[in-house]
Amino acid sequence: MTDTLDAFRDAILQASQDKTPLCLQGGGSKRWYGETPQGEPLDTRAYRGVVAYDPAELVITARCGTPLAEIEATLAEQNQMLAFEPPHFGPDATFGGMVAAGLSGPRRAGAGALRDFILGARLMDGRGQTLSFGGQVMKNVAGYDVARLLAGSLGTLGLILEASLKVLPRPFAEATLRFEMDEATALATLNAWAGQPLPVSANVWHDGVLHLRLSGATAAVAAARDKLGGEKLDDAEAHSFWRALREQAAPFFAARAPEESLWRLALPSSAAPVALPGAQLIEWGGGQRWWRSDADAATVRGLAEAAGGHATLFRGQDRAAGVFTPLPAPLMAIHRKLKAAFDPAGVFNPGRLYAGL
Amino acid sequence: MSHPNTLPPDPADRAELIATLTAALAGCRLLTDAEDTTPYECDGLSAYRRVPLAVALPETEDEVRHILKTCHALRVPVVPRGAGTGLSGGAMPIENGLVLSLARFKHILKVDPVARTATVQPGVRNLAISDAAAPYGLYYAPDPSSQIACTIGGNVAENSGGVHCLKYGLTVNNVLKVRAITMDGEPVEFGSLAPDAPGLDLLGVFIGSEGMFAVVTEVVVRLVPKPQTAQVIMASFDDVARGGDAVAAIIAAGIIPAGLEMMDRACARAVEEFVHAGYDTDAAAILLCESDGTPEEVAEEIARMSAVLEASGATRIRVSQSEAERLKFWSGRKNAFPAAGRLAPDYYCMDGTIPRRHIGTLLTRIAEMEREYRLRCINVFHAGDGNMHPLILFNGNDADEWRRAELFGADILETCVELGGTVTGEHGVGVEKINSMCVQFSPEERDAFFAVKHAFDPSGLLNHDKAIPTRARCAEYGKLHVHHGRLPHPELPRF
Ligand SMILES: Cc1cc2nc3c(=O)[nH]c(=O)nc-3n(C[C@H](O)[C@H](O)[C@H](O)COP(=O)(O)OP(=O)(O)OC[C@H]3O[C@@H](n4cnc5c(N)ncnc54)[C@H](O)[C@@H]3O)c2cc1C
Ligand SMILES: Cc1cc2nc3c(=O)[nH]c(=O)nc-3n(C[C@H](O)[C@H](O)[C@H](O)COP(=O)(O)OP(=O)(O)OC[C@H]3O[C@@H](n4cnc5c(N)ncnc54)[C@H](O)[C@@H]3O)c2cc1C
């Protein structure tokens, strides 16, 4: 593994010296996500393997190139999981790519996002230095929380060599319920349920149907089922339903027409329904609203902003208006300084998050 | 960047600076007489003190901006302050610096029961948020033991935790958005009411930045439904290591308790004398293990926990049978600090975190250190997350006892690092643990921290010289470095 690290360092120092960009890449499963990748690919997959995993500590530490599937299989053997249910978007997804993309899946509605579970990380910066932040313990406030800053950084600050994540036990029981209701009712209902002590671990509304997943102690799931009613899905069906949703293989996503983009609107969960041309799928109790739409970027962003949120062009062709919602000037200034601190020559994934970063 | 330390005038010019500030901040509440400013000389860690140049008590955000702009122009360092309950000297004044108290920012601006958020000013007390949310069946989950006094602004600065954070997360997991004023007087907002604010997670790195990035003026927190019911198990163990193993066994059984706390015999005896809660004073360790949720869920979890504890060799298991009894069981834990206060004139609270599997090892090492430093130490800790609070007992009027207590503390923290942990789990580095940071982080890592600080505060004036040690300081500390309790020149008498 030291050879691999040396090779990484050589490539980074060379790139920094020549001021030529590097495109950090795991399995390339999320290559389409964010602004168009630029630069010489630097493949992370040689740096792989689980470094430490003790189920009783609820922490896994692994190298960036480890296949995400391998991590999940390792955890499943001990009846544990990555509670934020990360999407893989392909069989080659790596652990490092998952952290850098910072995406969370359906279970975020109940368990929190990837950023809630990151405990520590090791980074190789633009000077080829290996820096460790955070650690492998549950609570750690020594030094600024740079590890959390790396979650969702899309590789713009450096090469994430290793990360430690908190893991959770798999729930003892799960049940998926199906309800028919319109959008406004679904939003009101989900927000009301979220204010009650119910073991809701995921929810999705689309086209008049709400699916709700309950997870937790057997008795808690049974009691919630009695309380909420609805029609229970068969377990195998439920499993593939949530899997397809997580991977965006569900029919809603597959049906996107060539002229349509897939927009991710992140809104306060209680925001009123928004109307765009196209079709909508709502997750996270109203916090994440996917739109398959041919509306222009200004319209989509205007609506999202008016509702107190922001919009990401998740999949689609015309990226002229930028993939991510532009930042206010004071925040952009902080971003630029952070970038310069970790990557003074600007070689890591330039422009992947925002132009000039 | 010029270093702020060299810039404020030397003490001779203090009076002149106070006059300039007073004129510039006319209309703002400013305390400058020593008799008014002395109460601000320390936070909860009273061993470290310094009288500030002045204390400002603004009431509006415009006043905060004006004060910061003025200090920025005059290059006067600023220390934000909440309730002053911090345990690492984070709010301790800086030489010739201004203390900016947020005590008057105490309004709860909005509770939104549908979106489950509360918008509050930074001087609002942690518990006041839960009180305001209670009519809606909601509460703010992070519950530091100091929650009746500490403010949300301080919690954000320290990323404070509580006894329930293994299950419900720390401050960083429960704050959605922060509004703050940078040292040059400009407003900034981090986070969003919607998930995943665009760009880098600046909110994530801001939380826990110990008042060094910007002054918080508004916080939006997430509220969660109050569990319907809770029950706690009190289990005794005749061996501390066996208690530690029981903690691991509970987690390995797939249970995340709402709270999982442990104390050693010395601590159990001290609290029992104080609160008479029926603690087993013969046990080597007492474990408190709580379950919360719906009645069905709690019944199921309590049964599962009891079985694991029994299999792990608990010598006695008691399950709270009523809310009154639950609170009684907890009263000992909640009063561990005051109970320590009855054993000695002073106690020094440590805050290291270690992987749970090393709990037994650390306790054994601490017992050796008690002999080494000739001071007693009682142990109470958040066992569920491996966050240890050894309380070193000493007499502050005896300079040598305090000196030994400091060395004892540093030794414990460095042992935590050696065991794969960290020097602070929730209280922050502040001025107190700054030397131990030299042990936990490399010079390059510390340089990176300075660069991050600079990204938020290019002037370097905000609460500087805390949390992150300079290379020079670490070089100095390296020379004096005490390793594994062996003082340099052990042959010399230490009186
Ligand atoms: C680490 C962790 C572990 C938990 N474990 C359990 C458990 O075992 N059992 C249990 O019953 N409950 C647990 N909870 C609590 C449970 O997750 C909450 O009840 C649930 O998240 C509430 O959902 P929500 O829709 O209000 O929040 P969401 O909006 O889904 O928020 C979830 C997380 O995302 C983050 N977030 C939300 N909005 C933003 C934003 N605008 N910007 C940045 N970040 C944002 C927050 O940090 C939050 O923690 C846990 C929570 C956390 C954080
Ligand atoms: C008996 C006791 C028990 C405790 N138990 C716990 C516990 O269980 N868990 C835990 O985590 N901590 C605990 N603490 C520590 C302390 O209560 C927390 O660190 C708390 O968050 C400090 O809040 P405060 O308002 O008192 O802040 P202060 O002590 O006033 O300040 C703390 C830090 O926050 C900064 N700050 C304050 N307000 C602002 C603002 N508006 N903007 C920017 N920076 C600001 C200050 O500059 C300083 O660096 C305990 C303390 C005591 C005395």
Side-chain angles (χ1 to χ4, degrees), chain A residues 54-58 79 112-113 115-116 129 131-132 135-146 148-149 151-153 168-170 172 191 194-197 216-220 222-223 266-270 284 287-288 308-310 324-325 327 330-331 334-335 337-338 341-342 353-354, chain B residues 113-116 137-138 158-159 161 166 169 173 186 188 193-196 198-202 204-205 208-209 225 227-228 248 251-252 254 256 293-294 296-297 299-301 353-357 385-387 420-426 428-429 437 440-441 444-445 448-449 451-452 455-456:
Chain A
D54 175 351
E57 297 290 339
L58 293 180
N79 211 22
R115 54 96 70 176
D116 290 308
Q129 304 177 131
L131 308 172
S132 284
Q136 306 186 357
V137 286
M138 291 292 138
K139 284 163 90 182
N140 187 355
V141 294
Y144 309 128
D145 203 347
V146 176
R148 212 173 297 273
L149 197 56
S153 63
L168 286 182
R170 300 198 66 81
F172 288 98
N191 278 288
Q196 296 167 27
T218 315
L267 304 183
S269 64
S270 58
W284 300 352
Q288 175 161 264
H310 58 97
F324 300 104
T325 296
L327 296 176
L331 295 193
I334 296 173
H335 275 68
K337 287 185 211 144
L338 290 171
F342 290 96
L353 202 49
Y354 289 105
Chain B
V114 179
R116 291 150 281 120
L138 301 170
E158 304 288 11
N159 190 17
L166 180 65
N173 308 113
E186 294 307 320
V188 275
L193 300 190
D196 309 317
L200 298 170
D201 188 0
L202 298 185
V205 75
S209 60
Q228 276 169 282
I251 308 276
I256 303 292
T294 59
E296 303 84 4
E297 200 174 357
E300 181 178 326
E301 208 167 67
T353 303
I354 51 169
R356 279 179 285 259
R357 62 179 173 277
D385 17 54
N387 185 197
T422 175
V423 298
T424 173
E426 59 181 15
V429 175
M437 289 289 285
Q440 188 168 339
F441 293 97
E444 293 76 21
E445 287 154 0
F449 287 140
V452 174
F456 286 85

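Computed from a predicted model, the values in this text were never measured in an experiment. The sequence lines fix the lettering, A, B, ..., with proteins before strands; numbering per chain opens at 1.
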What residue, out of [options], has the most heavy-atom pairs lying under 4.5 Å from chain A?
| options | answer |
| --- | --- |
| B:Gly293, B:Ala451, B:Pro113, B:Gly254 | B:Gly254 |
| B:Pro198, B:Gly386, B:Gly204 | B:Pro198 |
| B:Glu444, B:Gln228, B:Glu186 | B:Glu444 |
| B:Ile354, B:Asp385, B:Thr294 | B:Asp385 |
| B:Gly199, B:Gly420, B:Ala248, B:Pro227 | B:Gly199 |
| B:Ala252, B:Gly208, B:Ser209 | B:Ser209 |

From [X] atom [atom1] to [Y] atom [atom2], the distance as rounded to the nearest 0.5 Å:
| X | Y | atom1 | atom2 | result |
| --- | --- | --- | --- | --- |
| A:Asp145 | A:Asn140 | CG | CG | 8.0 Å |
| A:Thr218 | B:Glu301 | OG1 | CD | 11.0 Å |
| A:Arg115 | B:Asn173 | CZ | CG | 7.0 Å |

For [X], which atoms come within 4.5 Å of any heavy atom of chain A: side chain, backbone, both, or neither?
| X | result |
| --- | --- |
| B:Val114 | both |
| B:Leu138 | side chain |
| B:Glu445 | both |
| B:Asn159 | both |
| B:Phe449 | both |
| B:Thr353 | both |
| B:Gln440 | side chain |

Legend entry - Contacts of type side chain to side chain donor-acceptor pair (under 3.5 Å), residue A:Gln288, not counting sequence neighbours: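 A:Gln288: side chain to side chain donor-acceptor pair (under 3.5 Å) contacts with A:Arg264, A:Glu283.
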
Interface residue of largest heavy-atom contact number with chain B, from [options], under 4.5 Å:
| options | answer |
| --- | --- |
| A:Gly287, A:Pro330, A:Gly195 | A:Gly195 |
| A:Gly143, A:Ser153, A:Ala341, A:Pro55 | A:Gly143 |
| A:Ser270, A:Gly309, A:Gly135 | A:Ser270 |
| A:Asp54, A:Leu267, A:Leu353, A:Asn79 | A:Leu267 |

Are [X] and [Y] side-chain neighbours, meaning at least one heavy-atom pair lies under 4.5 Å?
| X | Y | answer |
| --- | --- | --- |
| A:His335 | B:Leu202 | yes |
| B:Val452 | A:Leu338 | yes |
| A:Val146 | A:Phe342 | yes |
| A:Lys139 | B:Leu166 | no |
| A:Met138 | B:Asn387 | no |
| B:Val205 | B:Phe456 | yes |

Legend entry - Closest contact, heavy atoms only, B:Gly428 versus B:Glu158: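 B:Gly428 and B:Glu158 have their closest heavy atoms at CA-OE1, 3.6 Å.
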
For [X], which atoms come within 4.5 Å of any heavy atom of chain B: side chain, backbone, both, or neither?
| X | result |
| --- | --- |
| A:Leu327 | side chain |
| A:Glu57 | both |
| A:Tyr354 | side chain |

Inset, instruction - Please list, chain by chain and in numerical order, all residues satisfying side-chain contact (heavy atoms from CB on, under 4.5 Å) with A:Pro169, sequence neighbours excluded. - result: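 Only A:Leu58, B:Ile256 meet the side-chain contact (heavy atoms from CB on, under 4.5 Å) criterion with A:Pro169.
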
